Amino acid sequence: MKCPKCRAENPDDEIFCQQCDWRLDQKYVPEKKTKTRSPLNVSSTAALGGILSLIMYFAEFKYAPIVLGAVGLFMGGYAITYARLVECNKNLCMALAAIGLLTGIIGLMFGIKQVI
């Protein structure tokens with residue numbers, strides 16, 4: 001009997017495959033791979049959001065610094081956690097996420113000050 005998972009030959013009276021321990025009477029359906037986000041892209045988005053919030057503040061836009069500062073802040077916090085959990089260039093990802101966090105906080109505060 002052929003194993004549905006690894007295709008190894010097994011005696012007919014076996015219940016489990018001798019190679020991979022798969023139950024021989026069970027159909028094998030391979031797992032679908034899911035796409036993962038690149039930690040570098042997430043960190044770069046955080047840094048870009050924070051930096052753009054400061055640029056929009058100095059260009060005297062009214063609400064853009066608040067929105068972009070919030071994006072930098074949110075994405076920076078997410079990126080720091082994500083970079084620790086996923087295999088990547090941790091130093092670069094953490095630095096970009098920290099830039100996003102810091103510039104996001106500053107841009108958000110300046111934007112709120114400008115509106116008030």
Side-chain angles (χ1 to χ4, degrees):
M1 173 177 253
K2 226 177 210 186
C3 173
K5 183 177 179 184
C6 71
R7 307 311 248 168
E9 280 295 331
N10 292 286
D12 288 336
D13 58 340
E14 289 290 322
I15 297 174
F16 293 96
C17 176
Q18 294 174 344
Q19 294 288 326
C20 67
D21 289 332
W22 187 261
R23 192 170 168 114
L24 295 173
D25 60 349
Q26 298 274 324
K27 183 179 177 183
Y28 175 70
V29 179
E31 292 181 24
K32 293 181 180 178
K33 290 188 177 185
T34 58
K35 288 185 175 181
T36 58
R37 293 176 193 89
S38 167
L40 189 58
N41 290 347
V42 175
S43 300
S44 299
T45 304
L48 185 65
I51 291 168
L52 282 176
S53 72
L54 290 177
I55 291 171
M56 293 297 163
Y57 169 73
F58 290 115
E60 298 183 5
F61 283 86
K62 195 166 186 173
Y63 295 106
I66 297 172
V67 172
L68 290 169
V71 167
L73 191 60
F74 174 75
M75 292 298 289
Y78 178 75
I80 283 182
T81 304
Y82 192 59
R84 290 186 325 189
L85 299 175
V86 178
E87 195 64 35
C88 66
N89 184 349
K90 292 199 187 312
N91 291 335
L92 178 62
C93 290
M94 293 289 234
L96 286 171
I99 290 168
L101 269 172
L102 293 175
T103 56
I105 290 169
I106 294 168
L108 184 65
M109 289 176 18
F110 282 173
I112 292 171
K113 178 184 154 243
Q114 188 176 31
V115 170
I116 294 176

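Everything numeric here is computed off the predicted structure, so don't read it as measured data.
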side-chain contact (heavy atoms from CB on, under 4.5 Å) partners of [X], counting only residues at least two apart:
{"X": "Ala98", "result": "none"}
{"X": "Tyr82", "result": "Thr36, Arg37, Pro39, Val42, Tyr78, Val86"}
{"X": "Phe61", "result": "Met56, Ala59, Ala64, Pro65"}

Is [X] isolated, or which residues cluster with it under the ILVMFWY side-chain rule of less than 4.5 Å, directly or via members?
{"X": "Met94", "answer": "Tyr63, Ile66, Leu73, Ile80, Leu101, Ile105, Leu108, Met109, Ile112, Val115, Ile116"}
{"X": "Leu96", "answer": "Leu40, Leu92"}
{"X": "Phe110", "answer": "Leu54, Tyr57, Phe58, Ile106"}
{"X": "Leu24", "answer": "Met1"}

Q) Considering residues, nucleotides and ligands other than Lys62, do more than 12 of their heavy atoms fall under 6.0 Å from its NZ? A)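 It does not: Lys62 NZ has 12 such atoms or fewer within range.
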
Minimal non-hydrogen separation, [X] against [Y], with atom names:
{"X": "Gly107", "Y": "Ser53", "result": "CA-OG, 3.4 Å"}
{"X": "Ala97", "Y": "Ser43", "result": "N-CB, 4.0 Å"}
{"X": "Ala46", "Y": "Gly76", "result": "CB-N, 3.3 Å"}

Would you give the length of the straight line joining atom [atom1] of [X] to atom [atom2] of [Y], rounded to the nearest 0.5 angstrom?
{"X": "Leu68", "Y": "Ile51", "atom1": "CG", "atom2": "CD1", "result": "11.5 Å"}
{"X": "Met75", "Y": "Asn41", "atom1": "CE", "atom2": "CG", "result": "9.5 Å"}
{"X": "Ile15", "Y": "Asn10", "atom1": "CD1", "atom2": "CG", "result": "12.0 Å"}

Q) Can you pull the salt bridge (Lys or Arg N to Asp or Glu O under 4.0 Å) pairs that have at least one residue in residues 2-20, sequence neighbours excluded? A)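 Non-adjacent pairs meeting salt bridge (Lys or Arg N to Asp or Glu O under 4.0 Å): zero.
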
**Q.** Residue pairs, two or more places apart or on separate chains, that pass side-chain hydrogen bond (donor to acceptor under 3.5 Å, both in side chains) and touch residues 18-29
**A.**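 As it turns out, the side-chain hydrogen bond (donor to acceptor under 3.5 Å, both in side chains) pairs with a partner in residues 18-29, which skip direct neighbours, are Arg23-Asp25.
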
